[in-house]
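Before any comments, here is the structure.
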Protein chains: 2
Amino acid sequence: MSQAGLDLPEATVARLPEYLRALHHLADTGHDTVSSEGLANAAGVNSAKLRKDLSHLGSYGTRGVGYDIGPLIGQIEYVLGLTMRRAVALVGVGNLGHALAGYAGFTSRGFRIAALFDADTTRVGEKINGLAVLHVSDIPVVVKRESISIAVLATPASAAQTVADQLISAGVTSILNFAPCVLSVPDRVDVRKVDLAIELQILSFHEHRKSAHVNGLNGEVRK
Amino acid sequence: MSQAGLDLPEATVARLPEYLRALHHLADTGHDTVSSEGLANAAGVNSAKLRKDLSHLGSYGTRGVGYDIGPLIGQIEYVLGLTMRRAVALVGVGNLGHALAGYAGFTSRGFRIAALFDADTTRVGEKINGLAVLHVSDIPVVVKRESISIAVLATPASAAQTVADQLISAGVTSILNFAPCVLSVPDRVDVRKVDLAIELQILSFHEHRKSAHVNGLNGEVRK
DNA sequence: TAGATTGTTAATCGATTAACAATC
DNA sequence: TAGATTGTTAATCGATTAACAATC
């Protein structure tokens with residue numbers, strides 16, 4: 001009863017890639033099976049949560065023994081749609097985009113950077129990892145030709161919405177947005193956002209709380 | 001009754017930086033007040049959630065009018081601990097780390113990269129944005145001297161745990177981890193993880209589901 | 001069989017949301 | 001005052017967790 005159209009809780013979907021990474025690591029280090037406790041530790045969650053998550057995929061464990069690593073990798077990759085290598089477009093090869101274009105993790109974990117775009121004509125033609133940077137005006141033609149459905153957006157915030165609109169009308173239905181702004185997109189398009197400063201600000205909140213604690217304050221009153 | 005030791009729901013903490021970004025944008029474009037509906041749109045959430053979140057900070061709105069942007073920015077920055085510019089250490093100036101070292105968003109949004117480290121002696125001494133790369137063996141001395149409590153980890157996964165241990169014993173209590181691995185740290189240390197391949201894999205899951213839908217399948221059965 | 005471990009249940013917890021009284 | 005909008009309530013929803021029966 002394992003299905004692709006499977007409706008999984010979003011929280012589970014977000015953890016499956018971490019399980020997958022941990023399972024690959026276990027496989028690489030010579031393991032064949034792993035207990036929920038073992039895999040949970042490797043993935044940084046508790047074992048009840050792990051078992052609950054995996055139970056949504058169907059039954060890949062054996063009571064008293066654990067999970068068969070090989071088949072479980074196959075099932076998670078299948079559910080995540082990683083049985084094909086997905087083509088990704090990257091827009092914006094500035095500081096961050098340039099680094100993302102060279103990021104080995106994309107290649108090793110199911111993706112292929114199929115096109116690079118930038119609005120700056122002086123960067124067009126430049127090769128990164130053997131792939132030439134194209135002008136953003138080529139987005140419609142190239143995205144269609146390469147059947148690209150996923151894009152990584154690494155432009156300045158001021159350009160992000162316009163580029164997103166162009167990507168979407170060319171056929172992109174998933175966007176990973178590194179620009180610090182909110183994108184407005186049709187319902188059928190999925191957006192995930194990574195904002196590096198926001199991550200640090202969340203940590204800053206906890207630093208602030210920790211220092212209040214050290215001062216023995218239960219609620220350092222402002223002013 | 002605004003307090004620093006304030007216990008906020010984690011979900012609220014994670015959204016405050018987004019509100020802050022939207023508020024700065026509104027302030028920059030000449031606005032003085034904004035309604036919950038207006039700010040919610042700018043931040044990509046619904047207005048009920050926004051009002052609930054802000055209610056935890058105390059009362060900064062006026063019924064019938066909206067929120068005063070200036071004071072609200074001040075309050076959110078205060079709660080997030082951004083009234084001081086926090087010193088950050090960055091370890092690993094490879095592909096991604098080099099880009100992060102030059103990321104303007106860190107500087108403009110409350111942080112100061114105070115030290116760069118790498119294990120590769122051939123990179124030690126190299127200057128990035130005017131700051132020299134130091135060897136990881138300098139972590140204990142420099143982290144203490146500069147009172148650094150936040151670190152960004154952009155090393156290979158194989159080195160991440162060892163470097164994290166060194167950072168923590170030098171006094172770091174918050175880590176932003178870009179290495180694709182789980183860190184084990186004491187309870188007092190906060191870790192946030194950014195895994196670029198995982199973000200794409202989550203999008204891939206939704207792509208897979210969308211294509212199953214197009215095929216009219218309610219549950220494309222496997223095999 | 002005895003020991004180990006999964007898969008599932010049910011209780012609990014936290015987050016979201018609509019609705020509206022309070023109030024500017 | 002009338003209109004607008006906040007702050008709060010209460011219902012709902014989804015996620016987490018401990019515990020344990022099922023079963024290898």
Side-chain angles (χ1 to χ4, degrees), chain A residues 1-3 6-19 22-23 26 31-73 75-76 79 202 205-206 209, chain B residues 1-3 6-19 22-23 26 31-73 75-76 79 202 205-206 209:
Chain A
M1 235 203 309
S2 51
Q3 302 172 331
L6 205 56
D7 246 329
L8 293 174
E10 261 306 305
T12 297
V13 173
R15 284 187 295 264
L16 288 180
E18 193 65 50
Y19 302 156
L23 285 164
L26 287 164
H31 296 77
D32 289 325
T33 64
V34 64
S35 68
S36 61
E37 188 69 26
L39 182 52
N41 282 341
V45 303
N46 72 47
S47 63
K49 192 184 284 181
L50 176 106
R51 288 197 300 278
K52 182 78 164 176
D53 283 339
L54 294 189
S55 74
H56 290 114
L57 309 186
S59 187
Y60 282 77
T62 306
R63 288 167 142 102
V65 178
Y67 297 91
D68 280 341
I69 291 175
L72 186 52
I73 287 176
Q75 172 65 357
I76 294 178
V79 168
I202 294 169
F205 169 83
H206 292 292
R209 271 186 79 244
Chain B
M1 231 202 312
S2 52
Q3 300 171 333
L6 205 55
D7 246 328
L8 258 42
E10 261 307 304
T12 297
V13 173
R15 284 187 295 263
L16 289 180
E18 192 66 51
Y19 302 156
L23 286 163
L26 287 164
H31 296 77
D32 289 326
T33 63
V34 64
S35 68
S36 62
E37 188 69 26
L39 182 52
N41 282 341
V45 302
N46 71 48
S47 63
K49 193 184 284 183
L50 176 106
R51 288 198 299 278
K52 181 76 163 178
D53 283 338
L54 293 190
S55 75
H56 290 114
L57 309 186
S59 188
Y60 282 79
T62 307
R63 288 164 141 103
V65 179
Y67 297 91
D68 281 340
I69 291 176
L72 187 52
I73 286 176
Q75 173 65 356
I76 294 179
V79 168
I202 294 169
F205 169 83
H206 292 292
R209 271 185 79 245

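Order of the sequence lines fixes the chain letters, A, B, ..., with proteins taken first and strands second; residue numbering starts at 1 for each chain.
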Could you give the CG-to-P distance, from B/Leu54 to D/dT5, as a whole number of Å?
16 Å

Could you please name the option among D/dT8, C/dT6, C/dT16 that lies closest to any side-chain atom of B/Ser55?
D/dT8

Here the distance between atom P of C/dG7 and atom OH of A/Tyr60, to the nearest Å, is 11 Å

Rounded to the nearest angstrom, tell me the gap between atom CD in A/Glu10 and atom C1' in D/dC13.
15 Å

If you compare every side-chain N and O of B/Thr62 against the phosphate oxygens of C/dC24 (OP1, OP2), does one of them come in below 4.0 Å?
no

Looking only at C/dT16, D/dA18, D/dT16, the nucleotide nearest the B/Lys52 side chain is C/dT16

Rounding to a whole Å, what distance do you find between B/Asn46:CG and D/dT5:P?
17 Å

With a 4.5 Å cut-off on side-chain heavy atoms, are B/Val45 and B/Tyr19 touching?
yes

How many whole angstroms separate atom NZ of A/Lys49 from atom C1' of D/dA15?
8 Å

Comparing A/Val65 with A/Ala11, nearest DNA chain D nucleotide closer to 5' gives the residue A/Ala11

Whole-Å distance separating the CZ atom of B/Arg51 from the P atom of C/dA22
16 Å

Do B/Phe205 and A/Val79 come within less than 4.5 Å of each other through their side chains, counting heavy atoms only?
yes

Nucleotide paired to C/dA15 in any strand shown, Watson-Crick or G-U, under 3.5 Å
D/dT12

Pair assignment for C/dA22, Watson-Crick or G-U wobble, requiring both distances under 3.5 Å
D/dT5

Could you tell me whether the side chain of B/Leu57 reaches within less than 4.5 Å of the side chain of B/Leu8, counting heavy atoms only?
yes

Side-chain N or O of B/Ser35 closer than 4.0 Å to phosphate OP1/OP2 of D/dT5
no

Between atom CG in A/Asp53 and atom P in D/dG14, what is the gap in whole Å?
16 Å

Sugar-phosphate only, base, or nothing, as touched by B/Glu37 at under 4.0 Å among non-hydrogen atoms
nothing

Residue A/Ala48, side-chain heavy atoms: nucleotide from D/dT17, C/dG7, C/dT17 that is nearest:
D/dT17

Starting at OH of A/Tyr67 and ending at P of C/dT5, how long is that distance when rounded to a whole Å?
12 Å

Under the criterion side chain to side chain contact (heavy atoms under 4.5 Å, CB included), I'd like the reasoning laid out for B/Thr62 against B/Thr33: C-alpha separation, chi angles, the key distance, then a yes or no.
CA-CA 10 Å; B/Thr62 307; B/Thr33 63; over 6 Å; no

Pick from A/Asn41, A/Asp68, A/Ile69, A/Val65: which one makes a side chain to side chain contact (heavy atoms under 4.5 Å, CB included) with A/Val34?
A/Ile69

Start at the 5' end of DNA chain D and walk down; is the nucleotide closest to A/Arg63 or to A/Arg15 reached first?
A/Arg15

